[in-house]
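In what follows, chains carry the letters A, B, and so on, assigned in the order in which the sequence lines appear, proteins first and then strands, with residues in each chain numbered from 1. Predicted model, so just to flag it, every value in this text is computed and none were measured.
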2 protein chains.
Amino acid sequence: MAPTIKEIAARAHVSIATVSRVINKDPRVTKETRAHILNIAEKLEYRPNILARNFAQKKSNLIGLILPEISDEYFTEVIKGVDEIAFSQNLYTVVASSHKYKSLKDEVVTFIRNGLLSGLILLVSYLDDELSSILSKSHLPVVIINSNSKNKKFDRIGIDDYYGSFSMTTHLIKKKHYDFLSHITGPLDNDDAGLRKDGFIDACKKYGVKYVIEKGDFSQEGGFNACKKLMNLKSRPQVIFAANDMMAIGCYDYLKQNKLEIPSDIGVVGFDDIFVSQYLNPPLTTVHVNIEEVGKRAAELLLNKIQGSNNIPVSVVHIPTELILRESC
Amino acid sequence: MAPTIKEIAARAHVSIATVSRVINKDPRVTKETRAHILNIAEKLEYRPNILARNFAQKKSNLIGLILPEISDEYFTEVIKGVDEIAFSQNLYTVVASSHKYKSLKDEVVTFIRNGLLSGLILLVSYLDDELSSILSKSHLPVVIINSNSKNKKFDRIGIDDYYGSFSMTTHLIKKKHYDFLSHITGPLDNDDAGLRKDGFIDACKKYGVKYVIEKGDFSQEGGFNACKKLMNLKSRPQVIFAANDMMAIGCYDYLKQNKLEIPSDIGVVGFDDIFVSQYLNPPLTTVHVNIEEVGKRAAELLLNKIQGSNNIPVSVVHIPTELILRESC
DNA sequence: CTGTTAGCGCTTTCAG
DNA sequence: CTGAAAGCGCTAACAG
């Protein structure tokens with residue numbers, strides 16, 4: 001049997017309270033008794049029972065990370081970032097991705113109600129009122145990864161989608177001298193997609209160039225289909241700005257199938273800078289997002305909330321983006 | 001305050017034991033009392049306190065998934081597979097990747113000793129005796145993801161590296177008629193790397209073709225450097241079989257820099273079939289491995305151990321591989 | 001079928 | 001500075 005504080009206490013001829021204090025680095029113990037107890041604990045290879053501790057303290061050493069279905073790469077980077085920060089503070093990360101048989105909302109509710117977690121990081125494409133109210137009612141520290149600035153109730157970490165998209169579009173117009181652009185959007189209810197679209201449109205309007213918008217869904221297939229529609233227009237745009245790289249890849253697929261050359265026949269650019277983008281033929285010009293940083297900052301924010309007093313003001317972090325110029329436009 | 005079984009019991013005029021039985025679907029309760037209790041529980045929005053339950057039962061609803069540093073894509077796929085199966089059984093997945101300040105061994109020990117987890121899935125490139133004995137001493141259900149068949153003590157799930165490599169090499173020799181091949185290995189202490197190397201060598205020997213081995217490390221840079229050495233040989237091999245796709249990408253980088261054409265100047269093939277491989281120029285011929293399946297099977301094996309009696313014989317699952325023929329050789 | 005009771009291992013007042 | 005004791009919410013014998 002694994003030793004308990006009771007056993008340590010018996011062998012050290014002290015009370016369990018004192019042992020507990022030593023284990024928890026409570027200063028109100030003399031050096032001598034501390035050393036003595038530590039010595040015995042060491043000998044017995046004592047390790048606190050986390051389950052008991054969590055129960056007694058009514059809090060766990062676990063934080064939850066809930067991810068909706070999302071592109072694989074994004075997924076990994078966020079997990080890595082969160083885990084790195086959490087682990088360094090002796091917290092463990094419980095991941096859950098959305099599953100067919102359970103909605104995101106149910107999953108969140110389950111996690112909140114069962115009291116397993118001490119904090120929650122939630123990656124959502126869109127935060128509706130119901131979810132928002134569920135979250136505020138639970139008094140669990142929560143950090144949202146979402147780029148919509150309307151959301152003011154929670155600590156939030158977002159991507160600078162608007163600016164990234166605006167810069168890319170400006171680059172296309174001012175540096176590449178395109179004057180008829182197109183944009184393939186992400187899903188309409190996705191906040192990142194919305195901001196990217198807005199940035200594109202605003203830049204086009206600012207410089208008075210012609211543009212066309214095609215609806216996509218962030219998937220490779222969606223990009224393929226949108227590209228097809230765009231190429232079948234009576235007057236074709238000169239360049240396609242896909243709202244993410246996966247859709248840009250879909251465009252590459254369609255264009256290759258139809259023997260259209262990038263960038264001579266048409267330019268293609270993306271957003272995200274996923275790993276594959278640099279290896280495409282031609283390498284994809286895109287907007288880089290440091291996703292691991294998103295995860296790290298989210299975890300940091302959460303730890304502040306968990307450890308700090310609970311009247312810290314809501315904070316918002318924006319992860320900057322960066323234009324990556326390659327050869328696809 | 002969240003309601004407890006005590007409160008439910010009081011309102012229902014029954015004992016807490018009866019409430020507990022109802023919550024745990026113990027059949028020894030009459031329909032009527034069951035309905036009555038359920039009704040009250042519902043009204044109070046009762047949710048069992050998992051922390052208390054875990055503590056009382058001395059087991060948690062958590063399984064651990066420990067991953068060493070590894071290529072991102074591999075990482076994600078395994079997590080997805082494990083989580084999908086675990087979640088369907090109401091178990092949560094705690095992920096931990098190796099960290100600078102903590103060795104894999106320390107991490108495993110921490111997890112085992114603190115009693116947080118009910119089971120552990122361990123992805124290791126090489127299982128040494130020390131780790132092995134730590135694992136057997138803990139009576140925690142463990143499943144290892146590792147391809148070395150010498151390991152007979154644990155449930156294990158491995159990749160059919162040897163066969164995949166042997167097939168690929170055979171294809172290179174018999175179908176593509178190369179008669180001077182080269183292989184860039186992974187790290188020497190990695191079991192998958194070892195098996196891939198063995199498969200390569202055995203096939204070369206079987207057909208009596210000339211070959212050369214260069215040491216790599218599974219990284220893109222390692223592939224680049226190994227490729228360079230190979231290309232500087234007085235007599236150059238006709239094809240490079242990199243032990244994974246990342247190194248094949250490193251080869252692509254080197255060859256492109258040196259204006260060498262694939263496959264006309266030299267063929268390149270890989271192993272893993274990561275996402276990017278199909279988009280390389282030219283698309284990479286490689287050996288496909290279904291990593292998500294690895295994760296799923298690992299989770300299934302673990303759940304069997306956790307739920308089943310503990311005298312289930314050790315089982316070993318091999319995930320098959322598949323040749324993916326594209327245009328790089 | 002239902003109730004009583006004794007903990008699980010640890011934290012945390014409250015005394016001393 | 002240290003000890004005694006209560007109790008976190010639930011499970012699991014054991015009685016009845």
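For residues 30-55 of chain B, the set of pairs meeting the ring pair (Phe, Tyr, Trp, His ring centres under 6.0 Å) definition, not counting sequence neighbours, comprises Phe55(A)-Phe55(B). Pairs passing the side chain to side chain donor-acceptor pair (under 3.5 Å) check and including a residue from residues 9-22 of chain B, sequence neighbours excluded, read Glu7(B)-Arg11(B), Ser15(B)-Thr18(B), Ser20(B)-Asn24(B). Annotation: ring pair (Phe, Tyr, Trp, His ring centres under 6.0 Å) contacts involving residues 122-158 of chain B, sequence neighbours excluded, are absent.
Take Glu292(A) and apply the salt bridge (Lys or Arg N to Asp or Glu O under 4.0 Å) test, not counting sequence neighbours, and it matches no residue. Residues passing the salt bridge (Lys or Arg N to Asp or Glu O under 4.0 Å) test with Lys43(B): none are found, sequence neighbours excluded. The salt bridge (Lys or Arg N to Asp or Glu O under 4.0 Å) search around Arg297(A) returns Glu300(A), not counting sequence neighbours. For Asp160(A), there are no salt bridge (Lys or Arg N to Asp or Glu O under 4.0 Å) partners at least two apart in sequence or on another chain.
In this structure, CG of Leu116(A) is placed 16 Å from P of dG9(D), rounded to the nearest angstrom. As rounded to whole Å, 13 Å separates atom P of dC8(C) from atom CD of Glu7(A). Taking atom NZ on Lys25(B) and atom P on dT11(D), their separation rounds to 12 Å, with Å as the unit. Following rounding to the nearest Å, Asn61(B) (CG) and dC10(D) (C1') show an atom-to-atom distance of 14 Å. Atom CG of Leu51(B) and atom C1' of dG9(C) are 13 Å apart (whole Å). Here the P atom of nucleotide dC8(C) and the CD1 atom of Ile50(B) are 22 Å apart, to the nearest Å. Rounded to an integer number of Å, the gap from NZ of Lys58(A) to P of dG9(C) is 18 Å.
The side chain of Val14(B) lies closest to dG3(C) when the candidates are dG3(C), dG9(D), dT2(D). Taking every side-chain heavy atom of Asn49(B) into account, dC10(D) is the closest of dG3(D), dC10(D), dG3(C).
Rounded to 10°, the helix from dC1(C)-dG16(D) to dG16(C)-dC1(D) has 30° between the axis fitted to its first five pairs and the one fitted to its last five.
Lys31(A) has no side-chain polar atom (N or O) that falls below the 4.0 Å cut-off from OP1 or OP2 of dC1(D). For Thr4(B), no side-chain nitrogen or oxygen approaches OP1 or OP2 of dC8(D) to under 4.0 Å. For Thr33(B) and dT2(C), the shortest distance from a side-chain N or O to OP1 or OP2 is below 4.0 Å. For Thr18(A) and dG3(D), the shortest distance from a side-chain N or O to OP1 or OP2 is below 4.0 Å.
Checking Asn190(A), Asp192(A), Asp191(A) one by one against Asn146(A), the side chain to side chain donor-acceptor pair (under 3.5 Å) holds for a single residue, Asp191(A).
Using modelled atom types, no side-chain atom of Asp83(A) and backbone atom of Ala96(B) make a donor-acceptor pair closer than 3.5 Å.
For the pair Pro27(B) and Phe55(B), both in contact range of DNA chain C, the more 5′-proximal nearest nucleotide belongs to Pro27(B).
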Restricting to nitrogen or oxygen on both sides, can you table the protein-nucleotides 11-14 of chain C pairs closer than 3.5 Å?
unit_1: dT11(C); atom_1: OP1; unit_2: Asn24(A); atom_2: OD1; d: 3.3
unit_1: dT11(C); atom_1: OP1; unit_2: Asn24(A); atom_2: ND2; d: 3.3
unit_1: dT11(C); atom_1: OP1; unit_2: Arg53(A); atom_2: NE; d: 2.9
unit_1: dT11(C); atom_1: OP2; unit_2: Ser20(A); atom_2: OG; d: 2.8
unit_1: dT11(C); atom_1: OP2; unit_2: Asn24(A); atom_2: ND2; d: 3.2

